[in-house]
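I have placed the structure first, in the form of structure tokens, so that the comments after it can refer back to it.
Numbers for residues simply follow the sequence, beginning at 1.
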Amino acid sequence: MRKVTTAVFPVAGLGTRFLPATKASPKEMLPIVDKPLIQYAVEEAVAAGITQMVFITGKSKRAIEDHFDKAYELEQELEARGRTAMLEMVRNIVPKNVSCIYVRQPEALGLGHAVLCAKPVVGDAPFAVILADDLIDGEPSALKQMVNIFEERQASVIAVQQIPREESNKYGVIRNEALEGRLHRIAGIVEKPQPKDAPSNLAVVGRYILTPYIFHFLERIGKGTGGEIQLTDGIAQLLFHEQALAWEFHGTRYDCGSKLGYMMANYVYGLRHPEVGAPFAEFAAALGNGKNT
């Protein structure tokens, strides 16, 4: 039985929707309260049993590498000041059994190309793809739910959620055949269809488990929508050769690639934060009653 032990994080995007904040800092380093988006994504992978993290990076993304690296000067300063709890937090951003590998994407040629850049590291093994700006709040995590399905079915698994049909031109959308409950067989998939052409209202979101056969198609499909190599197009070709499944995950997705989704995530995670949650809830309640306007 094949197991998923590698996750690929495409983090080379420019983050133009958050300019000027992302002019010099990666969008994946934007914090939800006090933790960057990319750390939430890595923690989700670790919780799913993954031990090898592969980051597909571009220029101006050095902050991601630094975040997961050892910070000698900071650790020495915290230790000298007796800030033990904070020191342990910094030292344990990733568990010691987890490795981080960084691969440069030489050109911004799309998600499919970013995934293809991981081929030399992934090799002939199944792997996960996680888009950090899709923050999914679930227990167990969305990726863990998908890993469980992969281990049982040994087929590619893609996370989907129901969307208003008028938003279909923002997503990859599947044509589905229901299997059981929230699990579907993918009969077709298309990138950003117009609402009248959408095969369903089930849209792909930023979690995938893929077999290595996907690389065969990503190498051959050429550029698609937007002049980019689309992962969706590669999956469409894969369907002619292998079964692929779609899973309507349990959990709430926050599209942190958009300003509104990012603000919503900060609000929800702020309310549950152990340090600031209670006073923030009081502030939010007072604001709702018009006391802080």
CZ (R83) with more than 12 external heavy atoms under 6.0 Å: no
Give a yes or no on whether the ring-centroid distance for F217 and F240 is below 6.0 angstrom. no
Compute the ring centroids of Y213 and H241, then answer whether they are less than 6.0 Å apart. yes
Mark yes or no for whether [X], through its side chain, and [Y], through its backbone, hold a donor-acceptor pair below 3.5 Å.
| X | Y | value |
| --- | --- | --- |
| R165 | A198 | yes |
| D255 | G261 | no |
| S200 | I174 | yes |
| R220 | H216 | yes |
| R253 | I136 | no |
| S141 | G138 | no |
| S156 | T211 | yes |
| K144 | E44 | no |
| D197 | P193 | no |

Ion pair check, [X] and [Y], cut-off under 4.0 Å:
| X | Y | answer |
| --- | --- | --- |
| E219 | K119 | yes |
| E177 | R185 | yes |
| K61 | E65 | no |
| R2 | D124 | no |
| D134 | R207 | no |

Polar side chain donor-acceptor pair, Q39 to H67, under 3.5 angstrom: yes
Here's one to test your reading of the geometry: is the NZ or CZ of K192 within 45 degrees of the ring axis of Y171 and under 6.0 Å from its centre? no
Test: R104 cationic atom under 6.0 Å from Y102 six-membered ring centre, within 45° of axis: no
Walk me through it: do V33 and N266 pass the test side chain to side chain contact (heavy atoms under 4.5 Å, CB included)? CA-CA 6 Å; V33 188; N266 266 291; 4.1 Å; yes
So F283 and F280, would you call those rings parallel, tilted or perpendicular, with 30° and 60° as cut-offs? parallel
Treating Ile, Leu, Val, Met, Phe, Trp and Tyr as nodes and any side-chain heavy-atom pair under 4.5 angstrom as an edge, say whether F127 and M53 lie in one connected cluster. no
Transitive ILVMFWY side-chain link V205 to V160, under 4.5 Å: no
Which one of I50, L143, L210, V157 satisfies the side-chain contact (heavy atoms from CB on, under 4.5 Å) criterion with V4? I50
Are E248 and Q161 close enough, and set up right, to give a side chain to side chain donor-acceptor pair (under 3.5 Å), and what steps lead you there? CA-CA 5 Å; E248 291 186 72; Q161 69 173 142; over 6 Å; no
Check against side chain to side chain donor-acceptor pair (under 3.5 Å), E228 and H113: CA-CA 8 Å; E228 298 180 335; H113 181 258; over 6 Å; no
Side chain to side chain contact (heavy atoms under 4.5 Å, CB included) evaluation trace for R272 with D137: CA-CA 12 Å; R272 70 173 66 156; D137 184 16; 2.7 Å; yes
